[in-house]
Amino acid sequence: MSGVEVITFGCRLNTYESEVMRAEAEKAGLNNAILVNTCAVTGEAVRQARQAIRRARRDNPYARIIVTGCAAQTEKETFAGMAEVDAVLGNEEKLKSASYRALPDFGVSAEEKLRVNDIMSVRATAPQMVKHIDGHVRAFIQVQNGCDHRCTFCIIPYGRGNSRSVPMGAVVDQAHKLVDGGYSEIVLTGVDATSYGADLPGTPTLGLLAKTLLKQVPDIRRLRLSSIDGIEADGHLFDLIAGETRFMPHLHLSLQHGDDMILKRMKRRHSSADARAFADQVRRLRPEISLGADMIAGFPTETEEMFENAMRLAEDCGIAHLHVFPYSPRPGTPAARMPQLDRALVKDRAARLRATGAALHARHLDGMVGSEQTLLVENNGLAHTENFTLVDAAGLKPRALVPVTITGHNGKHLTMQVKQMAAA
C-alpha cells in the first residue's frame with residue numbers, strides 16, 4: 001500500500017481526530033502506514049481493535065502499523081506487546097506531526113515502541129483545523145476534551161485526561177473553514193461537551209458557544225451537539241432549543257441508568273427525576289425534538305427492580321434513539337471491584353432494554369408520518385431529518401438539503417416523497 005490509511009473506532013471525537021492524525025502524518029512524510037485510532041469505552045471495543053490490527057497486518061504485511069487512541073492510552077503495554085504493532089502513540093502525541101517523524105524503526109522492543117505520555121499532565125487542548133471529514137456529509141468540530149468527573153464504570157478520563165476547552169475564537173475560525181468547504185451541517189463534539197468553558201476566561205458555556213457560532217457564522221445551515229449531560233445544560237442552550245431553527249431538534253443524553261441507587265453507585269450527578277424533568281422541559285420548548293440516550297444494562301448490584309426502573313425511565317423520557325451497552329468491567333475502575341452480575345444475565349437484560357428501545361423507536365417513527373422535513377442526504381442512500389431520524393433517500397444527491405413529506409416507515413427507516421418546489 002501507499003499513503004496513510006486510518007482505521008477509526010468509537011466516538012465522533014475520534015472521527016474528527018482521525019482526520020487530524022492523517023494530515024499530521026502526511027505532513028511528517030509518513031507513507032505505507034496504517035493508523036489505528038482505538039476506543040476504550042468497553043472491553044469489546046478493545047477486542048475489536050486488536051482484531052482489526054491483526055487483520056491489517058495479514059492484509060498489509062509490509063505496512064507500518066501505529067496504534068493510538070483511548071485504548072492505547074489506557075492499555076499501552078497490551079498493544080506494544082502485539083507483534084503486529086510497530087508503534088503506540090498516546091492521545092496527545094497522535095495529533096502532532098513530530099510524533100510521526102520520530103517513530104522507531106521496525107524490529108524494536110516493546111518498550112521502544114511506546115510514545116505515550118501522562119495524559120493527566122495535559123492542561124490545554126489546542127484547536128485542530130481540518131478542511132473536511134473523510135466520508136462524512138456533516139462536519140465535526142472538537143470544542144472540548146477530557147473529563148473532570150469520575151463515574152465508577154468509566155475508564156475514559158484516564159485515556160483523555162482532565163477537561164480542557166478550545167477557545168471560542170478558534171471554534172468560530174474552524175466553522176468558517178468548514179462552511180467555506182461546503183458543509184451545511186456542523187456537529188460540536190467533546191468528551192464531556194457540556195462542561196465546556198469552565199477552564200476558559202469568563203467561563204463561557206456550551207450554549208453560549210453555540211449561540212456565538214450561529215451569530216458569527218451565519219452560513220451554518222444546521223448545528224448539532226454530540227452527547228451531552230442534561231444536568232449541565234445552561235440557559236443559553238435552552239434559548240437555542242426554544243427559538244433557533246438552525247439548532248437541530250435532537251439531543252443525545254448521557255443517562256446511563258434509571259434507578260436512583262444505581263445512579264449513585266455509578267457516581268452520576270443526576271437523579272431519575274432530573275432526567276424526566278429535562279425531557280419534559282425540552283419537549284415543552286420544542287415539541288418536535290427527539291431524544292437519544294446511552295444506557296447501561298447489568299451494572300454491578302443491579303436487581304430486577306432496578307433494571308425495570310431503567311426501562312421505565314427510557315419510556316417516560318420517550319427515548320427515540322436508545323444506545324444500550326451491556327456492562328463491561330474496565331480494569332482500574334471502582335465498578336470493576338463491585339459485586340458483578342452473571343454475564344448471561346447482563347446479556348439478557350441488554351437484549352430486553354434494546355427491545356424497549358426498538359418499541360420506542362417504532363412509536364417515534366409512527367409519530368413522524370405526515371410531517372414535513374428537510375433532509376441532509378448521506379453517501380449511503382439514507383438521510384437524516386432535523387431530529388436525526390433516518391430516512392430512505394435512494395436516488396437523492398449526497399450532501400443536499402432536500403424538503404420532503406414523510407409518507408411512512410419500514411420499522412427502521414422513514415420513507416418520503418420529495419416536495420415539489422413552486423414555479424418561479
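What you are looking at is a predicted structure, and each value in this text was computed from that prediction instead of being measured.
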Under the ring pair (Phe, Tyr, Trp, His ring centres under 6.0 Å) test, residues paired with [X] that sit two or more places apart:
X: H176; answer: none
X: F299; answer: Y327
X: H270; answer: none
X: H236; answer: none

Test salt bridge (charged side-chain N to carboxylate O under 4.0 Å, His left out) applied to D229 - qualifying residues, sequence neighbours left out: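 Residues passing salt bridge (charged side-chain N to carboxylate O under 4.0 Å, His left out) with D229: R268, R269.
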
E304: partners by salt bridge (charged side-chain N to carboxylate O under 4.0 Å, His left out), with sequence neighbours left out: R349, R352

Aromatic ring pairing H323/H252, orientation class (parallel under 30°, perpendicular over 60°, tilted between): tilted

Parallel, tilted or perpendicular, as decided by the 30° and 60° cut-offs, for the rings of F278 and F238: tilted

Ring pair (Phe, Tyr, Trp, His ring centres under 6.0 Å) contacts in which one or both residues fall within residues 69-89, not counting sequence neighbours: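 Output for this query is empty, none listed.
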
Residue pairs fulfilling side chain to side chain donor-acceptor pair (under 3.5 Å) with at least one residue in residues 34-50, sequence neighbours excluded: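 Checked against side chain to side chain donor-acceptor pair (under 3.5 Å) - neighbours excluded - the pairs reaching residues 34-50 are S18-N37, N37-K94, E44-R47, E44-Q48.
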
Any donor-acceptor N/O pair, D348 side chain to A350 backbone, under 3.5 Å: no

Show every salt bridge (Lys or Arg N to Asp or Glu O under 4.0 Å) that has at least one partner inside [range], sequence neighbours left out.
range: residues 206-222; result: E185-R222, K211-D239
range: residues 326-335; result: E75-R330
range: residues 28-40; result: none

side-chain hydrogen bond (donor to acceptor under 3.5 Å, both in side chains) between S254 and Q256, worked out: CA-CA 6 Å; S254 181; Q256 307 306 343; 2.9 Å; yes

Donor-acceptor pair between D260 and S272 side chains, under 3.5 angstrom: yes

Donor on one side chain, acceptor on other, E378 and H384, under 3.5 Å: yes

Pairwise side-chain contact, T68 with M21, heavy-atom cut-off 4.5 Å (strictly under): yes

Derivation of the side-chain hydrogen bond (donor to acceptor under 3.5 Å, both in side chains) call for R265 and T301: CA-CA 9 Å; R265 289 172 181 165; T301 76; 2.8 Å; yes

For L382, all residues meeting side chain to side chain contact (heavy atoms under 4.5 Å, CB included), sequence neighbours excluded: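 Only N380, L390, H413 meet the side chain to side chain contact (heavy atoms under 4.5 Å, CB included) criterion with L382.
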
Pairing of E5 and R64 as salt bridge, 4.0 angstrom limit: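 Result for this pair is no, no salt bridge flagged.
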
